[in-house]
Amino acid sequence: MRSPFLPARSAAFLSALLLSPLFFTAALTLPSRAFAQDGAPSAQTDTEVVEAEKHMAIAANPHASRAGLAMLRQGGSAVDAAIAMQAVLSLVEPQSSGIGGGGFLLHYNKADEKLIAYDGREKAPQTVDETLFLDEQGKPMGFLEAAFGGRAVGVPGVMAMLALAHQEQGKLPWATLFKPAIDLAENGFEISPRLFYLLDGRARLYREAGYSLDRLGAAGRYFFTEDLEAKPLGFLLKNPVYAKSLRQIAEQGVSAFYEGEIAQNIVETVQNNPFAPGALSLEDLASYEPIKREAVCGPYRSNRVCSMGPPSSGGTTMLAILGILEGFDLAALTPYGPDAVHLYAQASELAYADRNLYSADPAFVSVPVKGLIDPAYLAKRRALIDPAKAMGEAPAGDPPHDQGALFAPHIGPDIPSTSHLVVVDDAGNVVSFTTTVQIAFGSFLMSGGFIINNQLTDFSFAPEVEGIKVANRVEPGKKPRSSMTPTIVFDEQNRVRMAIGSPGGSRIISFVTKTLVNVLDFRMNIQEAISAPNLVAQSGILEIERDRGLLDLMDALRARGHEVRDRTLNSGLHGLTVHYDEDGTAHYRGGADPRREGVALGD
């Protein structure tokens with residue numbers, strides 16, 4: 001049922017907005033990322049890596065990279081730097097992540113050689129059920145109805161997760177970590193090209209839909225002028241409300257976010273939203289607890305590749321792709337030649353098919369993690385690949401598992417947005433951290449100076465198909481399935497070799513896997529591997545990044561039966577590789593995605 005606050009004409013325009021690449025991904029390849037002031041570094045080229053000997057911070061915005069570097073220079077840990085970077089990203093890249101969202105953080109402690117996966121994924125409020133995204137006829141809503149307003153807001157988890165990680169891995173005082181973001185919020189930052197691009201497009205569509213500034217609430221007043229125009233490129237944007245929130249969190253601890261004035265304002269904003277009031281309550285916020293999980297790891301060539309397990313589907317799907325590819329000598333093939341891309345695409349098809357059926361919150365569903373990446377099972381999946389002919393849309397397999405129930409495929413979109421950062425500190429500890437508010441600008445609800453997520457749209461909109469339950473259906477207190485794939489790779493001596501991750505919805509898995517193959521098989525440096533064309537194969541469609549000189553490749557793949565589409569595939573890959581002298585001394589090389597505005601900084 002359409003909300004009485006959302007007229008049909010507005011719904012049509014906003015549907016176009018929400019379903020456009022503009023809204024999802026900031027589909028813009030910028031000619032330069034050197035937009036920040038005060039001696040900000042220039043953008044990396046497509047091939048030149050940034051080198052460091054002591055420490056390194058890499059994020060999707062120069063302000064965030066500088067905040068992380070500042071913490072490292074003060075002797076801070078990788079987690080300290082990551083917290084400072086997240087606080088800044090929430091301000092300068094609000095379309096992608098923030099303290100009102102969630103995330104997954106992979107941390108490697110070099111001293112005890114321990115790898116921990118911190119889960120800060122959002123949760124469904126306790127009063128929702130599997131009918132959340134069904135209309136009055138019991139049919140799945142359109143994405144607009146599901147995503148707009150407070151209905152899809154989940155319990156934010158990223159701040160609780162970061163507080164736990166700091167308690168266990170931090171070195172600097174908690175309050176110190178928020179100073180860069182507080183200063184930037186009070187003194188202002190210039191609106192970047194990417195932020196302006198998104199805001200300009202959204203303002204135009206809001207105007208066409210007949211919206212007024214007041215109707216858009218705090219976010220509208222913050223981002224737009226009185227005439228509902230995006231504040232211009234280079235405008236000095238200040239956010240004293242966000243600075244106040246961060247001061248409370250810095251001084252009172254993370255409980256200020258989940259139980260204090262900040263929590264009250266979040267709940268009021270969500271529950272009183274006129275378009276689609278949400279169910280988030282003070283009890284939901286106060287009861288949120290982050291989870292420490294074991295990372296999901298698997299072999300690839302002579303390496304051990306580790307990532308996030310359920311409720312993220314990223315780790316198992318990436319490891320399944322790699323496990324299938326393990327049986328082919330990719331290094332003997334031409335990078336981005338038709339043979340290599342065909343095999344990569346077929347392995348992806350098979351792994352994504354399993355992902356769509358089996359992945360969900362392990363507290364509610366028995367996810368066959370070991371079975372999905374079992375070498376014997378993957379060998380059977382590999383045998384389905386014809387080197388000369390595309391299989392089309394792959395069927396899901398039957399991995400070894402203990403669960404008695406069968407599930408129906410997930411129904412609903414996998415929306416690209418999100419951000420990723422990587423840090424290594426003086427002690428050699430490494431963070432690979434993917435963070436999100438879901439689609440660009442999340443719910444477009446703003447409280448306390450930050451954007452609130454709409455992460456519940458990562459659930460299946462339909463709870464069952466032909467009487468069979470969907471594993472990733474909405475349930476009270478459940479975490480929606482994710483595709484976030486923060487990854488750390490270890491060499492044969494169990495030393496960190498690489499750390500990588502990306503935004504991009506379901507395509508995150510492909511972006512990260514592509515980069516791993518480029519480094520581990522094709523011996524590209526980290527910047528070359530990140531900059532190389534993106535490839536995504538799922539549901540019978542092979543997507544190849546547009547305008548990357550691959551027209552001949554597309555023709556060759558079509559001749560093998562692939563349904564090939566060229567499109568903008570804006571990843572946000574940020575990562576580093578580690579190289580060792582004979583005495584074990586580590587040297588770091590970092591890369592940032594030229595499709596976004598980030599930089600790698602190090603000493």
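This is a predicted model, so every value here is computed, not measured. Atoms considered below: every heavy atom in the structure, side chains included; atoms not considered: hydrogens, waters and symmetry mates.
- The CZ atom of R546 sits 5.0 Å away from the CG atom of D566 when rounded to the nearest 0.5 Å.
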Please assess Y352 against S510 for the test side-chain hydrogen bond (donor to acceptor under 3.5 Å, both in side chains), listing each intermediate value before the final yes or no. CA-CA 10 Å; Y352 270 100; S510 295; 3.0 Å; yes

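- Put simply, the side chain of M56 reaches to within 4.5 Å of the side chain of I58, judged on heavy atoms.
- Side chain of R382 to main chain of G323: a donor-acceptor pair is present (N/O by atom type, distance under 3.5 Å, no hydrogens or angles).
- Here the straight-line distance linking atom CZ of R481 with atom OG of S359 works out to 6.0 Å at 0.5 Å rounding.
- Seen from the ring of Y580, R495 counts as a face-on cation partner, given the 6.0 Å and 45° thresholds.
- A salt bridge does not link K479 with D361: every distance from a Lys NZ or Arg NE/NH1/NH2 to an Asp or Glu carboxylate oxygen is 4.0 Å or more.
- Under 4.0 Å is where a charged nitrogen must lie from a carboxylate oxygen, and between D119 and R293 at least one such pair does.
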Do V305 and L516 pass the side-chain contact (heavy atoms from CB on, under 4.5 Å) test, and can you show the C-alpha distance, the side-chain angles, and the key distance before you say yes or no? CA-CA 9 Å; V305 181; L516 291 171; 4.2 Å; yes

Working for side-chain contact (heavy atoms from CB on, under 4.5 Å), residues R589 and V50: CA-CA 5 Å; R589 297 176 183 172; V50 172; over 6 Å; no

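- For the residue pair R596 and N570, no side-chain donor N or O sits within less than 3.5 Å of a side-chain acceptor on the partner.
- A donor-acceptor pair under 3.5 Å is formed between the side chain of T515 and the backbone N or O of F511.
- Remark: the backbone N or O of S482 is not paired with any side-chain donor or acceptor of D458 at under 3.5 angstrom.
- Listed for the D521 side chain is no donor-acceptor partner under 3.5 Å among the backbone atoms of D329.
- For CG of D552, the number of neighbouring non-hydrogen atoms (other residues, nucleotides, ligands) closer than 6.0 Å is 12 at most.
- Taking CG of D547 as the start and CZ of R567 as the end, the distance is 13.0 Å to the nearest 0.5 Å.
- In terms of heavy atoms, L550 sits closest to P533 at CD1-CB, 3.6 Å.
- Proximity of L233 to P193: side-chain heavy atoms (C-beta onward) are separated by under 4.5 Å at one or more points.
- For T435 (side chain) and S97 (main-chain N/O), no donor-acceptor pair under 3.5 Å exists by modelled atom type.
- Residues L557 and P338 share a closest heavy-atom pair of CD2-O, 3.9 Å.
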What verdict does the side-chain hydrogen bond (donor to acceptor under 3.5 Å, both in side chains) test give for S419 and E93, after you've listed the backbone C-alpha separation in whole Å, the side-chain angles of each residue and the deciding distance to 0.1 Å? CA-CA 9 Å; S419 197; E93 200 195 27; 2.9 Å; yes

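- Salt bridge E543/R565: absent, no basic N to carboxylate O contact under 4.0 Å.
- A salt bridge is defined here as a Lys NZ or Arg NE, NH1 or NH2 lying under 4.0 Å from an Asp or Glu carboxylate O, and E492 with R304 fails to meet this definition.
- Annotation: side chain of R381 is in contact with side chain of L350 (closest heavy-atom distance under 4.5 Å).
- When atom types are taken as modelled, the side chain of E349 and the backbone of G540 share a donor-acceptor pair closer than 3.5 angstrom.
- Pairing each heavy atom of G315 with each of T485, the nearest pair is N-CG2, 4.3 Å.
- Ring planes of F461 and F133: tilted class, angle from 30 to 60°.
- With rounding to the nearest 0.5 angstrom, the CG atom of L106 is 7.0 Å from the SG atom of C306.
- The side chain to side chain contact (heavy atoms under 4.5 Å, CB included) with Q438 is formed by just one residue from the set T418, N454, L456, I451; it is N454.
- Shortest non-hydrogen contact noted between A57 and L69 is CB-N, 3.8 Å.
- Listed for the N518 side chain is no donor-acceptor partner under 3.5 Å among the backbone atoms of M524.
- S502 and H420 share no side-chain donor-acceptor pair at under 3.5 Å.
- No donor-acceptor pair closer than 3.5 Å links the side chain of Y358 to the backbone N or O of L372.
- Summarising the geometry of E122 relative to G102, their closest heavy-atom pair is OE2-N, 2.8 Å, with the distance given to 0.1 Å.
- Screening residues 308-317 for side-chain hydrogen bond (donor to acceptor under 3.5 Å, both in side chains) gives S313-R355 as the qualifying pairs, with residues at least two apart or on separate chains.
- To the nearest 0.5 Å, the span separating CG on L357 from CG on N472 amounts to 11.5 Å.
- A salt bridge is defined here as a Lys NZ or Arg NE, NH1 or NH2 lying under 4.0 Å from an Asp or Glu carboxylate O, and D374 with K380 fails to meet this definition.
- Checking side-chain atoms of R301 against main-chain N and O of E326 turns up a donor-acceptor pair under 3.5 Å.
- Ring to ring, Y344 and F328 are not that close: their centroids are 6.0 angstrom or more apart.
- Residues L576 and M498 fail the side-chain proximity criterion, which asks for heavy atoms closer than 4.5 Å.
- Interatomic distance, I509 CD1 to M484 CE, rounded to the nearest 0.5 Å: 11.0 Å.
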Kindly indicate, with the supporting measurements, whether the criterion side-chain hydrogen bond (donor to acceptor under 3.5 Å, both in side chains) is fulfilled by D593 and H574. CA-CA 6 Å; D593 204 319; H574 298 103; over 6 Å; no

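- Side-chain atoms of F433 and Q86, non-hydrogen and from C-beta on, do get closer than 4.5 Å to each other.
- Environment of CG in L551: sparse, with no more than 12 heavy atoms of neighbouring residues, nucleotides or ligands closer than 6.0 Å.
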Could you go through the side-chain contact (heavy atoms from CB on, under 4.5 Å) check for L319 and V296 one step at a time? CA-CA 9 Å; L319 289 170; V296 175; 3.5 Å; yes

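- Within a 6.0 Å radius of CD in E53, other residues, nucleotides and ligands contribute more than 12 heavy atoms.
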Walk me through it: do V517 and L330 pass the test side-chain contact (heavy atoms from CB on, under 4.5 Å)? CA-CA 9 Å; V517 169; L330 292 188; 3.9 Å; yes

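- Contact annotation: the side chain of H562 approaches that of Q346 to within less than 4.5 Å [non-hydrogen atoms, C-beta and beyond].
- The ring-ring contact (aromatic ring centres under 6.0 Å, His included) test applied to F490 returns Y108, not counting sequence neighbours.
- Side chain of K514 to main chain of V536: no donor-acceptor pair is present (N/O by atom type, distance under 3.5 Å, no hydrogens or angles).
- Heavy atoms only, all atoms of each residue included: A396 and A353 are closest at CB-O, 3.6 Å.
- Taking the side chain as every heavy atom from C-beta outward, P140 and E145 never approach each other to under 4.5 Å.
- When the ring-ring contact (aromatic ring centres under 6.0 Å, His included) test is applied to F223, the partners found at least two apart in sequence or on another chain are F441.
- Inter-residue side-chain proximity for Y300 and L520 is flagged as met; some heavy-atom pair is nearer than 4.5 Å.
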